[in-house]
There are 2 protein chains.
Amino acid sequence: MAADKFFEALASRPRREILAYLSAQELTAGEIASRFEMSAPSISRHLSVLEGAGLVSSERQGQFIVYRLNRDSLVNTLTGFAFEICPKAGPLKRESRKLAAKKQGA
Amino acid sequence: MAADKFFEALASRPRREILAYLSAQELTAGEIASRFEMSAPSISRHLSVLEGAGLVSSERQGQFIVYRLNRDSLVNTLTGFAFEICPKAGPLKRESRKLAAKKQGA
DNA sequence: TCGTTAATTAGCTCAGTAGCTAATTATCTA
DNA sequence: TAGATAATTAGCTACTGAGCTAATTAACGA
């Protein structure tokens with residue numbers, strides 16, 4: 001299940017804070033680490049977990065490695081879960097009404 | 001932080017499955033336990049975690065304890081997080097890496 | 001009241017994760 | 001090429017969480 005890694009990645013305050021930082025701008029590993037009172041290897045591990053969950057992507061730029069947020073992945077998994085748990089709640093799009101109808105019929 | 005308990009509660013497949021069951025109807029602890037191949041005490045513990053995170057509520061009904069989903073809490077925290085991470089779309093500019101490195105050195 | 005059922009709490013083991021420092025890899029620059 | 005910088009991997013310790021069984025609490029019914 002992709003949701004496993006997804007929610008496991010979010011179950012850590014430092015990792016959620018990293019996502020918040022990356023929501024404003026892309027950052028290098030060092031720039032991220034400098035925002036925490038935590039060793040660089042620990043931050044590197046958190047970044048690895050986030051990347052394994054598909055929440056961020058990385059790209060080497062010379063000496064640096066730049067991380068950026070995967071907004072689509074985040075939003076899609078989050079809304080997917082919201083619909084699974086709360087089919088009747090939340091902001092409904094047109095398409096979702098068909099899905100809700102199917103689920104009720106099933 | 002409320003988000004701490006919230007995301008910690010969701011970082012478990014059995015707990016997410018419990019929420020899915022409760023999204024259809026309220027259930028007693030025993031009815032929930034019967035849907036898993038897991039001991040009743042383990043399920044009880046999961047329910048306690050979910051309740052501590054505000055995701056479910058319980059009410060004793062005679063011999064039984066009935067659990068139900070707290071939809072509002074779930075949706076509110078989820079959307080709150082979504083807004084925190086994805087406030088505005090669009091990638092922002094960054095200063096050059098060399099410049100940033102010099103600043104760090106200074 | 002006594003026995004039965006529902007559920008939780010207590011106490012334990014085991015696995016996994018977070019954090020650290022030290023070592024390694026990759027890249028840049030003088 | 002040597003030295004410096006960025007980041008990761010390796011290896012370790014400590015803690016937390018998941019699961020179990022046994023024991024306890026709460027409520028029902030004969």
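By convention in this document, chain letters (A, B, ...) are assigned in the order of the sequence lines, proteins followed by strands, and residues within each chain are numbered from 1.
Among the atoms of the strands shown, only primed sugar atoms or phosphate atoms (P, OP1, OP2) are found under 4.0 Å from some heavy atom of A:Glu8. Within the 4.0 angstrom heavy-atom criterion, no nucleotide atom of any strand lies near A:Arg13. B:Ser48 comes within contact range of no nucleotide atom at all, as no heavy-atom separation falls under 4.0 Å.
Under 4.0 angstrom from either OP1 or OP2 of D:dA6 there lies no side-chain N or O belonging to A:Thr28. Using a 4.0 Å cut-off, some side-chain N or O of A:Ser42 falls inside it from OP1 or OP2 of C:dC20.
Shown here is B:Arg45, whose CZ atom has no more than 12 heavy atoms of other residues, nucleotides or ligands within 6.0 Å.
Every residue meeting the ring-ring contact (aromatic ring centres under 6.0 Å, His included) condition with B:Tyr21, not counting sequence neighbours, appears here in chain and number order: B:Phe36.
In this structure, the nucleotide among C:dT9, D:dT8, D:dA18 sitting nearest to the side chain of A:Pro41 is D:dT8. Distance from the side chain of B:Ser12 is smallest for D:dA18 among the nucleotides C:dA18, C:dT8, D:dA18. Nearest to the side chain of B:His46, among D:dA18, C:dA18, D:dG19, sits D:dG19. Comparing C:dA7, D:dT8, D:dA18 against the side chain of B:Arg15 picks out D:dA18 as the nearest.
Atom CD1 in A:Ile18 sits about 13 Å away from atom P in D:dA7, given to the nearest Å. One interatomic measurement links the two molecules: CD1 of A:Ile32 to C1' of D:dA7, which rounds to 12 Å at whole-angstrom precision. Taking atom CZ of residue B:Arg45 and atom C1' of nucleotide C:dA10, one finds them 12 Å apart after rounding to whole Å. If you measure from atom CG of A:Leu27 to atom P of D:dA7, you get 11 Å, rounded to the nearest angstrom. Rounded to whole Å, the distance from CG on B:Leu50 to C1' on D:dG17 is 14 Å. For the pair B:Glu37 CD and D:dG19 C1', the computed distance is 14 Å after rounding to whole Å. Separating the CG atom of B:Leu47 from the C1' atom of D:dA18 is a distance of 14 Å, rounded to the nearest angstrom. In this structure, CZ of B:Phe36 is placed 12 Å from P of D:dC20, rounded to the nearest angstrom.
When every heavy atom of B:Lys5 is checked against every heavy atom of B:Ala53, the shortest pair comes out as O-CB, 3.5 Å.
With hydrogens and angles left out, the side-chain atoms of B:Glu51 and B:Ser58 include a donor and acceptor closer than 3.5 Å.
Distance check, rounded to the nearest 0.5 Å: CZ of B:Arg16 to CD1 of A:Ile85 gives 9.0 Å. Going from atom CZ of B:Arg15 over to atom CD of B:Glu8 covers 6.5 Å, rounded to the nearest 0.5 Å.
Non-hydrogen atoms lying under 4.0 Å from DNA chain D are contributed by B:Arg60, B:Gly62, B:Gln63, all within residues 59-70 of chain B.
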Dump the intermediate steps for side-chain contact (heavy atoms from CB on, under 4.5 Å) on B:Phe81 and A:Leu78, then the final yes or no.
CA-CA 10 Å; B:Phe81 175 72; A:Leu78 226 47; 3.8 Å; yes
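A salt bridge is absent between A:Arg35 and A:Glu17: the closest approach of a Lys/Arg side-chain nitrogen to an acidic carboxylate oxygen does not fall below 4.0 angstrom.
Mapping B:Glu31 and A:Ser39 onto DNA chain C via the closest heavy atom, the residue that lands nearer the 5' end is B:Glu31.
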